[in-house]
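Proteins come first, then strands; the chains are lettered A, B, ... in the order of their sequence lines, and each starts at number 1. Remember, it's a predicted structure, so these values are computed and weren't measured experimentally.
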Amino acid sequence: MEYNFQEIEQRWQKYWQDNNIYKVELNPTKPNFYVLDMFPYPSGAGLHVGHPLGYIASDIFSRYKRLKGFNVLHPMGYDSFGLPAEQYAIQTGQHPAITTRQNIERYREQLDRIGFSYDWEREIRTSDPAYYKWTQWAFLQLFKHYYDTKTQSAQPVSKLVQQFEHSGNVDVSAAHSCPETFTALEWKQKSEAEQQKILLNYRLAYLADSLVNWCPALGTVLANDEVVNGVSERGGHPVIQKEMKQWSLRISAYAQRLLDGLERIDWTESLKEIQRNWIGRSEGAEMNFKIKNSSHLLEIFTTRPDTSWGVTFMVMAPENKLVAEITPPDYQEAVHHYITESQKRSERERMADTKTVSGQFTGAYAINPMNGNEIPIYISDYVLMGYGTGAIMAVPAHDSRDFRFARHFNLPVIQVVVAPDAVASDTSQWTDSFDAKEGVMIHSGFIDGLDVKKAIRKTIEYIEYQGIGKGKINFRLRDAIFSRQRYWGEPLPIYFKDGLPYPLNEDQLPLELPEVDKFLPTEDGQPPLGRAESWSTPEGYPYELSTMPGFAGSSAYMYRYMDPSNPMELVSKEANQYWKNVDLYLGGAEHATGHLIYSRFWNKFLFDLGVVCEDEPFKKLINQGMIQGRSSLVYRIQQSNTFVSFEKSSQYDTTPIHVDVNMVENDVLDLEAFKAWRPEFADAEFILNDHDQYKCGYQVEKMSKRYYNVVNPDDIVLKYGADTLRMYEMFLGPLDQSKPWDTNGIDGVHKFLRKFWRLFFDRDGNLLVELSNPEAAELKILHKTIKKVNEDIERFNFNTSVSAFMICVNELNELNCHKRQILEPLTILLSPFAPHICEEIWHQIGHPDSIVTAGFPEFDEKYLVENSFEYPVSFNGKMRFKINFPADLSSEEIEKQILANETALKWLEGKPARKVVVVPKRIINIVF
RNA sequence: GCGGAUGUGGCGUAAUUGGUAGCCGCGCUAGACUUAGGAUCUAGUGCCUUACGGCGUGGGGGUUCGAGUCCCUUCAUCCGCACCA
């Protein structure tokens, strides 16, 4: 009986399901481990062969941990709200809930066929009201809390109100955007509406006018991480800057903690670096410049207060509201013109064009507080409203952008820093600025002669003493825009009374998504929810019309898996105390600045509330690499329907054309299939190679429908089986690297499984396994493999374990070994990789229970002890021959013997050995 | 421009972390068996050379008895970020 993978895999998948083999429960008697995959968005295209890569790796690790005696939580679910389903709904009228459900069913079928050990009873879907109840709940908590900068934690807004009532807001330590200060008395005299407005400036979820990324094509605002190179991440539509009233999350309050937390988690350095850059901490000072003939102050942020003496002009962002106030009448028109021009430019244009210098003098002058000089104030695109204060002091001598600007507008350049051991030079001769991170101050009053670091410190002391400004840490991380003018997302649990937002009561959750007639904005431009009938509270107050963004549902899902059907809490204390947080998280690096920042923020907030017990959600994170497509190409001779084989293609003038990889095997094209593929190829003619075959060329690129290089795991499972697919995906190369998928290589892995099978069964299906005691050589093979595989799994080097298994089976085959004492542990060892075949064998050799209940084989060093070692003998570093010496022979003795050795003498060509290096059990090197 | 990663046979890759470069597999070559198959088995396969031997881990330089691995420099590819003050 040959290895019948189809029958075997179906049987055991059914057995696992029928017997609830992968069900997980709290079990305080066992150590626990939580392995999580980034859950997928169920797209209409289904899974391709690249998607399961991480799932297979995490499944192997889960099964391994289970064999090692851990209680392993390994769940799966769906990130099922999102734009594609809604775009599809707009086109077809099909409700996104229906498409989503169909897509999920398809995903589930595909996943089931690969033999994962998920506990499906814990499945979650972010679009399920029972789930998004907790997303809404968390939002309400964000609404009801503010960030206390003294305790560095979220605190109830009620506490803030108490402080306001007691002493106003002057001494309050809170992250806020409140423009005004007030006393306790003033607070109490404010109306309810006024008080609510002020509180919005403190809440962690707040509604405010802010400059947002508006995507007209999608009809919604987007968060910073959803905009890539000035276009929307989904769909690539243009994005413009617009001021709108939007919900935001005050993630900026957590910037420092998000940065600090990175030190304590086991993520790749590159991923942490991306997050550090995204958070963008910079130390410096905020300074106020007086404006000539005006009561306004121009506030700027700088990391280099030491260069204040070199400031020769000021630049404000065109969007800066202060511009209008300080511009004298005769400049109003020019300024206004520049502002409208820059508004017309999309974000993308502004980014693409960083070379051209543009700007406009406002006619106003600031006073340099250091030397009293009057300096002109400009507006320019190169200063961003979104960073710092939207205004800068320009130091052209030491900043390349300021320098270009100064040259363009003929503004003075004053050098205030010289490189160590250098002297000041004539700045009019400079072709670029001197961006001096270190050096010595000149022309700078009382900090002259100090080095940059000291000068910065001294200047900050001075400006604080003078009341000009203060030391400040600035972050690039912006608050996250939290509303989307879309249908297929979580409704925000907010209603409006007199135009002010109020939270729903928690017992009114979930606020379910209403039915609408069309998934489009209303005629007057309201979001799709504006179409819903009676979208208001029972009292008639209208609900918020926006829904939540994609990252909302994925921000706390890791906790819901711990206690997925709890109707009372997001997660029970008991379940959370047991599982704590995710031990191992697997997914793509594309979530570095989105999901992985938001969920860390969300987690820290829940931690502050005492809802969860860990401050970081994902202890260890691994990014799997992308699986690329390997496209096949045929070469059509220009102006003809003749195709020439790859080998001869250079002799002709050809056009390469992508062909479906499913018609190609080992780069050889199936000509009949090709002719049948498209009508225009029906009468195609071919120039074949010397073997009478048509050989295709290939190209590695993204796996995508348009390149006809998509490989569906279902096809692989059908042809080779899930165990082969699992092992081949691992065999392809290191988990974290991108690599092309080439179905051809899969034979080797499939052959391996058949060889493994044949260690147990003869051709007629009789069990060959016998009970005699194993030889030393057999035990050595087994234990070598146990050691290697164990170490590899711990380091996530699954590709090398597959090799180790192949070597092991090859060697046992050579020894004709069918001994149970060898094969049974080997089966357990292999079962995380190839669970179906191992489960089958496990039962065939007489075990009534599933192999997942077995224990991981123990490695014993004693079987690997060698009593001799074959030394490679090198001469001047070149290996020439090998020689056996007892393993415990001393270096001195080896040296003596090797110098007397005939072969060695031959290589010495009669010359004396100048030096002999002997590294025990490694190498002998003779220098002459 | 800044930051990160990666460069090893025709291809995917391996190398106990400074100690035999090319393990395992694909592909290829030759052969065996055969109920002719996209099955199985055997042998070979980094490059150059008839051979002796030489050359080889993107290039150049260095440290070392010894470098794919460490240092300097340079090139190429990929991925982030990008007027961040």
Subject >> N-O pairing of A:K921 and A:E870 below 4.0 Å >> reply: no
Subject >> Length of the CE-P vector between A:M806 and B:rC26, whole Å >> reply: 7 Å
Original post:
Reckon A:T303 touches a base, only the sugar-phosphate, or nothing at all at heavy-atom distances under 4.0 Å?
Top reply: sugar-phosphate
Original post:
Counting any heavy atom closer than 4.0 Å, what does A:D736 reach on the DNA or RNA strands: base, sugar-phosphate only, or nothing?
Top reply: nothing
**OP:** Give A:R754 one of three labels, base, sugar-phosphate or nothing, depending on what nucleic acid heavy atoms sit under 4.0 Å from its own.
**Re:** sugar-phosphate
**OP:** Could you check if the base of B:rG10 is syn or anti? Syn means the glycosidic torsion is within 90 degrees of 0.
**Re:** anti
Original post:
Over how many whole Å does the gap from A:L732 atom CG to B:rC26 atom P extend?
Top reply: 14 Å
Original post:
Atom NZ of A:K272 to atom C1' of B:rC81: distance rounded to whole Å?
Top reply: 19 Å
Original post:
What nucleic acid atoms does A:R478 come within less than 4.0 Å of, heavy atoms only: base, sugar-phosphate, or nothing?
Top reply: nothing
Original post:
So what does A:K878 hit on the nucleic acid, given a heavy-atom distance under 4.0 Å: a base, only sugar-phosphate, or nothing?
Top reply: sugar-phosphate
Original post:
For A:N925, which contact category applies under a 4.0 Å heavy-atom criterion: base, sugar-phosphate, or nothing?
Top reply: base
Original post:
So, for A:F405 and A:Y378, is the gap between ring centers shorter than 6.0 Å?
Top reply: yes
Subject >> Interatomic distance where OH belongs to A:Y871 and P belongs to B:rC65 [whole Å] >> reply: 21 Å
**OP:** Can you tell me the pairing partner of B:rA51 across any strand shown, Watson-Crick or G-U wobble, with both distances under 3.5 angstrom?
**Re:** none
Original post:
Which part of the nucleic acid, if any, lies within reach of A:D667 when heavy atoms closer than 4.0 Å are counted: base, sugar-phosphate only, or nothing?
Top reply: nothing
Original post:
Roughly how far apart, to the nearest Å, are B:rA15 and B:rC70 at atom P?
Top reply: 14 Å
**OP:** Indicate, with a heavy-atom threshold strictly under 4.0 Å, whether A:N474 touches base, sugar-phosphate, or nothing.
**Re:** nothing
Original post:
Which is true for A:V917 with a 4.0 Å heavy-atom rule: it touches a base, it touches only sugar-phosphate, or it touches nothing?
Top reply: base
